[in-house]
Amino acid sequence: MVFVTLYLVSSIVAGDFYKVPITVAFMVASVYAVVISGGLPIDKRINAYSRGAATEQMMLMVWIFVLAGAFANSAKAMGSIDATVNLTLALLPPQMLIAGLFVAACFISLSIGTSVGTIVALTPIAAGIATQTGTSVAMMTAVIVGGSFFGDNLSFISDTTIAATQTQGCRLSDKFRANSFLVMPAALVILIIYVLIGTDTQAPADIPTLEPLKVLPYLVVLITAVFGMNVMAVLTLGILLTGGVGMLTGSYDLYGWFGSMGEGIVGMGELIIITMMAGGLLELIRQQGGIDYLIQLLTRHVTGKRGAELSIAALVSMVNVCTANNTVAILTVGGIAKHIGDRFGLDNCKCASILDTFSCFAQGLLPYGAQMLMAAGLAQLNPIAIIPYLYYPFAIGITALVAIFIRYPRRYS
């Protein structure tokens, strides 16, 4: 409560949800947790906090984040994002531009594992196409934002997917299958809607030179991950491919490759610190009986699996609205969700899927979220103007909610 209140209230007062560093809010909450944890000497409390921050599960997440940062930035520096964008645009049917942009955003976000990266890559293109064809800029921007959350929710290298699977103790490939049952129907419906809307839209005439070799690292990462290879092995293979392709194409030399990997790892620093502080905080809360209290509070009217899943969905959505960061929301409530799942016999893959899907649903509709602010800035729009066109985030929220009520998919329910 200290963390949520401090972050939410101070951000509202400042009028900017990125004015207050989330690491500071976690630090204050952590200090408060250590101070109020009675019955033990101060050094014992700090030791308990440190044990929670450095559990086997937390450290595995840290190593995955390190590799993901190195891969993502070395691929970006090598030109993989631009190459993937150009190849996808070249393959678009002329009369299906809007639907094609949605597919492009889905594919790119699935490949690179970041909604923000997809938005940065595609929003300027979408805004330019909208201006050239007379289509609504807000709608074209919303197409990219919606598609970016497809990959943020499903990608094997997305931090939300990693956080959800690690906190629930399930494999990435198993969560991918469970999650696909929820989001694929929604994506298909939205794709059909975009096909109907965009039949009269003309495709751009000028497409940059294609460099399909630079798309290879993303394709290999996606294919090997889908087939169940260990995520750390997948990312290591991706890093080696970016280095090989990058030096082969002259994008950088050996030292340039090392430098881009280093920048990517450093860029994951805040997320790693947040992960460890969230783990320490959760351990102190658990030790003081806070987990048991929260579970009792959330599930006092719950009598079955349906109610338990709804309580997890409500919890992660509420925290996401307060923190405006879907990864942080998952890390904050992941441990509690695991306890609820164990108590009511929920499938770990379904729990991970619910955490990821509802966090992306909430994040996708926040006008003060990083994705919306980035998209609005690039398209020179007010974030509120984009919200009415965000069909995909609405669709996955509705689909996931219906899935809980009708116990779908059966194999995970």
Side-chain angles (χ1 to χ4, degrees), residues 18 21-24 26-27 50 53-84 108-121 151-152 155-167 172 214 216-218 220-222 224-225 229-249 251-280 325-328 330-331 334 370-371 374:
Y18 294 89
I22 201 163
T23 47
V24 173
F26 262 114
M27 182 191 70
S50 300
T55 61
E56 182 179 327
Q57 183 186 63
M58 288 296 169
M59 294 312 297
L60 178 59
M61 245 194 289
V62 167
W63 305 139
I64 292 172
F65 286 148
V66 166
L67 289 173
F71 169 71
N73 202 65
S74 58
K76 178 182 176 181
M78 186 255 285
S80 284
I81 292 180
D82 292 337
T84 306
I108 292 168
S109 60
L110 190 65
S111 300
I112 67 177
T114 166
S115 50
V116 173
T118 304
I119 288 167
V120 170
D152 200 2
S155 175
F156 288 86
I157 58 173
S158 166
D159 47 10
T160 60
T161 295
I162 294 167
T165 53
Q166 294 302 310
T167 57
L172 284 162
K214 292 185 177 181
L216 182 63
Y218 288 147
V220 171
V221 164
L222 180 60
T224 53
M229 183 183 284
N230 179 277
V231 63
M232 298 184 76
V234 167
L235 290 171
T236 302
L237 179 60
I239 291 169
L240 293 173
L241 277 172
T242 59
V245 173
M247 286 185 278
L248 184 65
T249 57
S251 301
Y252 42 53
D253 57 15
L254 180 64
Y255 296 105
W257 180 39
F258 288 164
S260 64
M261 284 193 288
E263 289 174 10
I265 294 169
V266 171
M268 286 288 184
E270 184 180 47
L271 187 57
I272 291 170
I273 291 168
I274 289 170
T275 299
M276 297 182 73
M277 287 199 288
N325 187 307
N326 47 348
T327 305
V328 171
I330 293 171
L331 290 170
Q371 293 85 352
M374 181 69 72

Indicate yes or no: at least one non-hydrogen side-chain atom of [X] is less than 4.5 angstrom from one of [Y].
X	Y	result
Met268	Val66	no
Thr161	Phe156	no
Ile239	Trp257	yes

Of all residues at least two apart in sequence or in a different chain, which pass the side chain to side chain donor-acceptor pair (under 3.5 Å) check with Ser158? Asp152, Thr160
Of Glu270, Met276, Met277, which is the lone residue that meets side-chain contact (heavy atoms from CB on, under 4.5 Å) with Ile273? Met277
When rounded to the nearest 0.5 Å, the distance separating CG of Asn325 from CD1 of Ile330 is 9.0 Å
Quick one: CD1 on Ile162 to CG on Leu172, what's the gap to the nearest 0.5 Å? 6.5 Å
Between [X] and [Y], what is the shortest heavy-atom contact and its length?
X	Y	answer
Gln371	Ser115	NE2-OG, 3.0 Å
Gln166	Ile64	NE2-CD1, 4.0 Å
Ala70	Ile265	CB-CG1, 4.0 Å
Met261	Ser74	CG-CB, 4.0 Å

Checking Phe65 now: which residues fulfil ring-ring contact (aromatic ring centres under 6.0 Å, His included) with it, not counting sequence neighbours? none
Keeping Tyr218 on the side-chain end and Ala75 on the backbone end, is there a donor-acceptor pair under 3.5 Å? no
Between Ser260 (side chain only) and Asn73 (backbone N and O only), is there a donor and an acceptor less than 3.5 Å apart? no
For Ile274 and Phe26, run side-chain contact (heavy atoms from CB on, under 4.5 Å): C-alpha distance rounded to whole Å, both residues' side-chain angles, the deciding distance at 0.1 Å, then the answer. CA-CA 7 Å; Ile274 289 170; Phe26 262 114; 3.6 Å; yes
Before you tell me yes or no, could you show the steps for Phe258 and Leu254 under side-chain contact (heavy atoms from CB on, under 4.5 Å), namely the whole-Å CA-CA distance, both residues' side-chain angles and the distance that decides it to 0.1 Å? CA-CA 6 Å; Phe258 288 164; Leu254 180 64; 3.5 Å; yes
